[in-house]
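Report on the structure given below.
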Amino acid sequence: MNLKTVAAVGTAFGILGVGSAFATFARIESMGKNTTYIMDDVSIFDNPANINLYSNYLIGEFGPYTDRVEVGANRDPQHPNFGGIFSIAIGGDNNPDPRISIGGLFGRINTELFQYLPDVVIGDNGSKTNVPETVTNFDGFLGGTLTNGNAWGLHVYIAAQDGGDKGEDGNYQVKSDAFASVVQADGGMNFQFTNYFDLEFSLALARIQYGPEHHSFFDDGNFSWLVKSRAFFTLDAINGELVPALNLKFIDAPGLDEKHAQVGIGINVALDRGFFWMGADFIWNKRKAHDWIFDAISKTWTYDSRNEDNRHWDERTDVGGMISFGIERNIWWDWFVIRVGGQKSILYTKCDVNNKNVDKYNDKQYGICKDDGNFFSTNPLADGTSKDHVGFGFGINIEEKLKIDVTVAEDLLFRNPFQGEGRLFSRISATYSF
């Protein structure tokens, strides 16, 4: 086994001992809410080349469970998903490189792109149509390593619904004007330069479309680009790594244009029976929108497509920074781990509303900005989502094969235990390696 392969294997089992070989979305939500500064299996969605580091395992989860649950009510999670990655070595007996990896996942919601789908769209005839829930949601992966251990990967994500909608009973029925589509194709590389230096890079092309009528893939030319890169520098002095990172987005969706730049640096450190990471990011984001209206009563976004030829753009610019951290540690037994983490952003926001839109917004509904002006903004304080301030959870590790991760509901300790209200957990994920 050459040095490159040794580095790759070391990375797969936690970057030379730092971290966890098989992480999950529940683990990430519990200890910091982003994957930028640690290597874990969730990073395969940022860089498909990393599937070569996490081959031969199965993954599944119930999806986020953040819906409001009334007292005495029962509600199942809405977006469960499952999948796996498999690998076969085509090298010699003493060197598994090169090798080929293939994988797939069903049911995942791509939260990075789904945020650009409205809840309702107004068509040319003025009728309002709900944007349907996509049903094909599929991630497909193909990757491999070169003889020197460097890894490559390709990924496609397809989520669509065309001609059907789900009723209150959960069954789908014909609805000709129901259409939504999110498609992404990306590729990435993972370069193992030395035992102390790794570099990742990925580039993605995405297409975001919705009704009320069907659109072909090349309609309107609304294509989006996403660029992600990071490096891992092993530092023996801290028994961990220094991780600089870059994230760029150029989103072009109907009625919406967004440019995002995020540059940061972080560390991850191995502790006694545990792991710690933290990071600091500079964020610049500029969003332009026309005829996107938010209803504060129903909490829904509506897009009016009738003004495509007479666009009155509103603009919102956010500039600032974000601090995030996560920590986990085994307690009581080697198979039980607890986690905690959080993130805090402070952004200076500038709003510029088109003069022709001012009279459109009232006290109950508004666009991306309600009026001209400046203010400070931050991420949600405690709404139970993966974007809010803090998270807490635990994990169970059975013989380094089966791993179950749980994110605990943030309001668990603030409820009346005699009313049977709310939920205990907001996400449960599991992996099995073989």
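Computed over heavy atoms, backbone and side chain alike; hydrogens, waters and symmetry mates excluded.
Here Lys175 pairs with Asp165 under the salt bridge (charged side-chain N to carboxylate O under 4.0 Å, His left out) rule; sequence neighbours left out. Annotation: side chain to side chain donor-acceptor pair (under 3.5 Å) contacts of Arg329 (sequence neighbours excluded): none.
Residues Phe223 and Asp252 come closest through the heavy atom pair O-CB, 3.4 Å. Leu226 and Ala206 make their closest contact through CD1-CB, 4.1 Å (heavy atoms, listed as atom of the first residue, atom of the second, distance). Here the closest heavy-atom approach between residue Gln192 and residue Asp198 is recorded as OE1-OD1, 3.0 Å.
Ring orientation note: the planes of Phe325 and Phe276 are tilted relative to one another, at an angle of 30° to 60°. In this structure, Trp277 and Tyr37 have tilted ring planes: the angle between them lies in the 30° to 60° band. Tyr54 and Tyr57 have perpendicular rings, their planes meeting at more than 60° on a 0 to 90° scale where under 30° would count as parallel. Using cut-offs of 30° and 60° for the angle between ring planes, the Tyr303 and His290 rings count as perpendicular.
Environment of CD1 in Ile346: sparse, with no more than 12 heavy atoms of neighbouring residues, nucleotides or ligands closer than 6.0 Å. Counting non-hydrogen atoms of neighbouring residues, nucleotides and ligands closer than 6.0 angstrom, the CZ atom of Phe62 reaches no more than 12 such neighbours.
A salt bridge does not link Asp352 with Lys350: none of the charged nitrogens is closer than 4.0 Å to a carboxylate oxygen.
Applying the side chain to side chain donor-acceptor pair (under 3.5 Å) test between Asp46 and each of Thr36, Asn247, Thr35 identifies Thr35 as the sole match. Between Thr24 and the choices Asp41, Asp405, Asp40, the side chain to side chain donor-acceptor pair (under 3.5 Å) rule is met once, by Asp405.
Counting only heavy atoms from C-beta outward, the side chains of Cys351 and Phe375 approach each other to under 4.5 Å. Taking the side chain as every heavy atom from C-beta outward, Asp162 and Ser181 never approach each other to under 4.5 Å.
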Worked check of ring pair (Phe, Tyr, Trp, His ring centres under 6.0 Å) between Phe45 and Phe25: CA-CA 11 Å; Phe45 302 110; Phe25 286 108; 5.7 Å; yes
Steps toward ring pair (Phe, Tyr, Trp, His ring centres under 6.0 Å) verdict (Tyr348, Phe376): CA-CA 5 Å; Tyr348 184 71; Phe376 285 101; 5.4 Å; yes
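Between the side chains of Glu258 and His260, no donor-acceptor pair is found at a separation under 3.5 Å. Looking at Lys344 and Thr378, their side chains do bring a donor and an acceptor atom within 3.5 Å of each other. Residues Glu61 and Ser429 have side chains that bring a donor and an acceptor to within less than 3.5 angstrom of each other. Remark: the Ser345 side chain and the Asn379 side chain contain an N/O donor-acceptor pair separated by less than 3.5 Å.
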